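What follows is a single structure, written as structure tokens, with notes after it.
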Amino acid sequence: MTKQGTWSAEGVWYRSQKEHWLGWLSEYDGPGAYGRKTSVVRSAEFAYNHVVCPPMILWLGEASGVKSSLIIQAKKAAIGASRKLQGKCAAIRRIVPWSKIEESLFNSSATDSLMRAYSIKQLLRAVRRLPATAPQSNKLSKGGYETHQDHWIRWLKEYDGPGYYGRSDWSVDARAVYQRLGNGRMIVWLSEAAGEDPRRVRAAITAMKRHGNGQKQIEARIVRSHLPWEQVAALLFK
């Protein structure tokens, strides 16, 4: 497709199709980069059927264990389809429909760690084990706390109750805590201290400063698009 001039990896923010999926799905319950309607709950099948990136779809099938013969057939079909990405994606999905992805993906032991729900107490223990400071995030405002780690610990310790913010629903898991957090600087520290690639951390900070407009919720969403929960969890609980 690159040779055809119908698709190019130049100028994209992600370095792999896995990273592309993680960034895309982490914001799927909000407007994201495409202005999605947030009042509508979508299924995994809906998300798969609305991807408009042929390599993204092919990677998911191949990585989840769909038969190689089908992946090769789907690739050839995409190359031979119309020049529009929508047409190429449709050609792939005709050969590798959601039912094939679901069968391979959710029966794969390789996905168990990503699907596991970690408790808030497990997250708190993981945060306590991290180094208190990290080079890049240490330069960011700590909101009056001595360290970002201290902020995390105090926040998580009272998360099983209304806490300072008067929460009405605190019966959630670690992922929900991460997704609800409206502090991009805390999120940056968590990833960096857990061992994230410094280049990804730098990219998240740059995007936050450039496009966050000083609004905490927007900054947090931007950082999460670069540092999704699945990647953070893999580092925290390895």
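The first residue in the sequence is number 1, and the count goes up from there. Note that the coordinates shown come from a computational prediction; the quantities given were computed from them, not determined experimentally. Quick note: numbers below take in every heavy atom, side chains included, and nothing from hydrogens, waters or symmetry partners.
- Between Gly87 and Ala81, the shortest heavy-atom distance links the atoms O-CB, 3.9 Å.
- Using a 4.5 Å heavy-atom threshold, the side chains of Asn183 and Trp155 count as separate.
- Side-chain heavy atoms closer than 4.5 Å link hydrophobic residues (I, L, V, M, F, W, Y) into clusters, and following such links, even through other members, never connects Val12 to Trp24.
- By the side-chain contact (heavy atoms from CB on, under 4.5 Å) test, Gln86 is found to be paired with Val52, Lys84, residues two or more places apart in sequence or in another chain being considered.
- In this structure, the separation between CH2 on Trp13 and OG on Ser225 is 6.5 Å, given to the nearest 0.5 Å.
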Worked verdict on Val96 versus Ile57 for side chain to side chain contact (heavy atoms under 4.5 Å, CB included): CA-CA 9 Å; Val96 187; Ile57 302 175; 5.9 Å; no
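- Two residues are said to be in side-chain contact when any heavy atoms from C-beta on lie closer than 4.5 Å; Trp152 and Leu181 meet this criterion.
- Going from atom CG of Leu85 over to atom CE of Met1 covers 8.0 Å, rounded to the nearest 0.5 Å.
- Across Cys53 and Gln17, no two heavy atoms sit closer than the pair SG-OE1, 4.0 Å.
- Residues Tyr178 and Leu235 do not share a hydrophobic cluster, defined by chaining ILVMFWY side chains whose heavy atoms lie under 4.5 Å apart.
- Looking only at side-chain heavy atoms (C-beta outward), Met56 and Cys89 stay at 4.5 Å or farther from each other.
- At least one donor-acceptor pair closer than 3.5 Å links the side chain of His50 to the backbone N or O of Phe46.
- Heavy atoms of other residues, nucleotides or ligands lying less than 6.0 angstrom from NZ of Lys100 number 12 at most.
- Taking every heavy atom of both residues into account, Ser119 and Ala174 meet most closely at O-CB, 3.7 Å.
- Under a hydrophobic clustering in which Ile, Leu, Val, Met, Phe, Trp and Tyr are joined whenever their side-chain heavy atoms come within less than 4.5 Å, directly or via other members, Leu124 and Trp229 fall into the same cluster.
- Scored by the side-chain contact (heavy atoms from CB on, under 4.5 Å) test, Arg200 finds Arg15, Glu19, Glu196, Asp197, Leu227, Pro228, Gln231 as partners (sequence neighbours excluded).
- At least one donor-acceptor pair under 3.5 Å links the side chain of Lys142 to the backbone N or O of Asn138.
- Checking side-chain atoms of Gln149 against main-chain N and O of Val127 turns up a donor-acceptor pair under 3.5 Å.
- Placement of Val51 and Trp98 within a single hydrophobic cluster is found when ILVMFWY residues are connected by side-chain heavy-atom separations under 4.5 Å, directly or transitively.
- Put simply, CD1 on Ile101 and CZ on Arg93 are 10.5 Å apart, with the number rounded to the nearest 0.5 Å.
- Atom OH of Tyr145 sits about 7.5 Å away from atom CE of Met186, to the nearest 0.5 Å.
- Using a 4.5 Å heavy-atom cutoff, the side chains of Tyr48 and Glu102 are not in contact.
- Residues Thr147 and Asp150 come closest through the heavy atom pair OG1-N, 2.9 Å.
- Counting non-hydrogen atoms of other residues, nucleotides and ligands closer than 6.0 Å to CD of Gln4 gives a total above 12.
- Contact annotation: the side chain of Lys75 never approaches that of Ile71 to less than 4.5 Å [non-hydrogen atoms, C-beta and beyond].
- Once rounded to the nearest 0.5 Å, the distance linking NE2 of His151 with CG of Leu190 reads 12.5 Å.
- A pairwise comparison of heavy atoms in Ala78 and Ile92 identifies CB-CG1, 3.7 Å as the closest pair.
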Stepwise side chain to side chain contact (heavy atoms under 4.5 Å, CB included) check, Ile187 with His226: CA-CA 10 Å; Ile187 297 172; His226 287 265; over 6 Å; no
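- Within the model, atoms CG of Leu236 and CG of Leu130 stand 6.0 Å from one another, a figure rounded to the nearest 0.5 Å.
- Nearest heavy-atom pair across Pro131 and Ala193 is CD-O, 3.6 Å.
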Step-by-step side chain to side chain contact (heavy atoms under 4.5 Å, CB included) determination, Glu230 to Leu25: CA-CA 10 Å; Glu230 289 76 10; Leu25 292 175; over 6 Å; no
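- The side-chain heavy atoms of His148 and Leu140, taken from C-beta on, include a pair separated by under 4.5 Å.
- The closest side-chain heavy-atom distance from Arg202 to Arg199 is below 4.5 Å.
- For residues 185-194, the pairs satisfying side chain to side chain donor-acceptor pair (under 3.5 Å) are Ser137-Glu192, Arg185-Glu219, with sequence neighbours left out.
- Between Leu22 and Tyr14, every side-chain heavy-atom pair lies at or beyond the 4.5 Å cut-off.
- Surrounding CD of Glu62 are at most 12 heavy atoms belonging to other residues, nucleotides or ligands under 6.0 Å away.
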Verdict with supporting geometry, Ile153 and Arg128, side chain to side chain contact (heavy atoms under 4.5 Å, CB included): CA-CA 7 Å; Ile153 291 173; Arg128 289 183 185 276; 4.0 Å; yes
